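Report on the following structure.
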Amino acid sequence: MSTVTSSRRTAPPPAAAPDPPRRTGRRQQRIAATVLLTPFTALLIAVFLVPVGYAIYLSLFGEDHSGLGFGGGETVFTGLRSYLAVLQDPSFLSGFGTIALYCVIFVPTVVISALALALLLDSGLIRLRRTSQMLLYLPHAVPGIIAAVIWLYLYTPGLSPVIKLFAQADITVDFLGLHTVLPSIVNIALWSGLGYNMIIFYAALQALPREVIEAATIDGAGGIRTALQVKVPIIRGSVVMVCMFSLIGALQLFTEPMLMNQATPMVNSRFTPNMYIYDAAFRRNNYGLASAASVILLIVTCVLSYAVTRWSGRRERRA
């Protein structure tokens with residue numbers, strides 16, 4: 001009996017069953033995904049979610065002044081009063097009207113022009129393609145405020161050599177007039193963003209399988225037909241992305257009209273929603289109103305971006 005008992009005590013424990021290969025692979029994928037997403041998540045929280053939360057918090061408070069308003073203000077909870085004030089302000093709504101007109105002019109112009117240039121470079125008809133790409137991209141490397149100052153100099157009567165050149169030909173041009181100031185702003189944004197969007201389209205075109213292009217050529221499709229019916233449908237995702245980014249950039253229009261505000265009365269201090277927010281925060285010291293306008297602008301931007309994405313998804317499913 002003792003021998004049997006001792007043999008049972010000294011017997012090694014059974015080995016643990018190894019994890020299935022699928023479970024191990026999934027665990028490694030989860031660890032890798034966590035490591036890769038942690039920096040992005042931290043930045044998203046720090047530079048987006050926290051500021052948005054603070055803006056929402058500020059929009060729910062305001063300052064009330066007792067008596068005749070000469071004393072110090074008292075911060076009180078106002079609820080949605082700032083949002084109602086923003087939505088009932090005609091200057092804020094007119095700023096959205098200005099942005100809507102700006103988008104109608106700018107977004108199709110920059111997308112079509114950048115796509116045409118990318119298709120032209122990809123076709124091989126232009127020599128020195130690298131030099132052409134660098135020259136087209138160079139304006140985007142210029143800071144936006146510097147570009148606005150340069151163009152403002154070219155728009156200002158008495159200083160602009162362009163206006164003087166037109167005057168010698170008996171042509172009167174007012175780039176800062178009532179009906180021309182918005183196209184002038186579009187021109188600045190187009191000059192700065194055309195090369196950047198062209199590079200996006202050109203990179204997408206370079207990733208196309210060459211056998212598809214060769215097959216279209218063998219079938220007798222010319223250069224224009226190949227570009228419009230073969231290349232453009234394949235890079236539809238890049239086109240939608242550029243449209244969405246251009247739309248978001250248009251809603252954030254600030255630098256160009258802010259500088260032109262000093263040169264022409266046609267651009268007031270609330271010309272765009274961003275200028276309205278700046279005026280409310282730093283000129284009227286109404287941070288609750290500015291925060292409410294910022295939150296409304298954020299909601300409009302998210303809704304439009306979602307609408308563009310859904311529209312693109314439906315078009316792809318139908319195709």
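Remember, it's a predicted structure, so these values are computed and weren't measured experimentally.
- The environment of CZ in F254 is crowded: more than 12 heavy-atom neighbours from other residues, nucleotides or ligands sit within 6.0 Å.
- Around the CZ atom of R30, the shell of radius 6.0 Å holds no more than 12 heavy atoms that belong to other residues, nucleotides or ligands.
- Taking the ring-ring contact (aromatic ring centres under 6.0 Å, His included) definition, one finds that F106 meets it with Y102, sequence neighbours left out.
- Take A114 and apply the side-chain contact (heavy atoms from CB on, under 4.5 Å) test, not counting sequence neighbours, and it matches L194, N197, M198, F201.
- Between Y196 and Y137, the ring planes lie tilted relative to each other; the angle falls in the 30° to 60° range.
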In sequence, state the C-alpha distance, the side-chain angles, and the governing distance for Y155 and N187, and then conclude on side-chain contact (heavy atoms from CB on, under 4.5 Å). CA-CA 11 Å; Y155 290 156; N187 178 65; 2.9 Å; yes

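- Scanning for side chain to side chain donor-acceptor pair (under 3.5 Å) contacts around Y306 gives R310, with sequence neighbours left out.
- By the salt bridge (charged side-chain N to carboxylate O under 4.0 Å, His left out) test, R284 is found to be paired with D279, residues two or more places apart in sequence or in another chain being considered.
- Between the side chains of D122 and Q206, at least one donor N or O sits under 3.5 Å from an acceptor N or O.
- The side-chain contact (heavy atoms from CB on, under 4.5 Å) search around M266 returns L178, V181, T264, not counting sequence neighbours.
- With sequence neighbours excluded, the residues forming a side-chain contact (heavy atoms from CB on, under 4.5 Å) with V50 are I45, listed by chain and number.
- Shown here is F61, whose CZ atom has more than 12 heavy atoms of other residues, nucleotides or ligands within 6.0 Å.
- Using a 3.5 Å distance cut-off with no hydrogens or angles, the side chains of Y153 and S160 do not pair a donor with an acceptor.
- A pairwise comparison of heavy atoms in V230 and A216 identifies CG2-CB, 3.9 Å as the closest pair.
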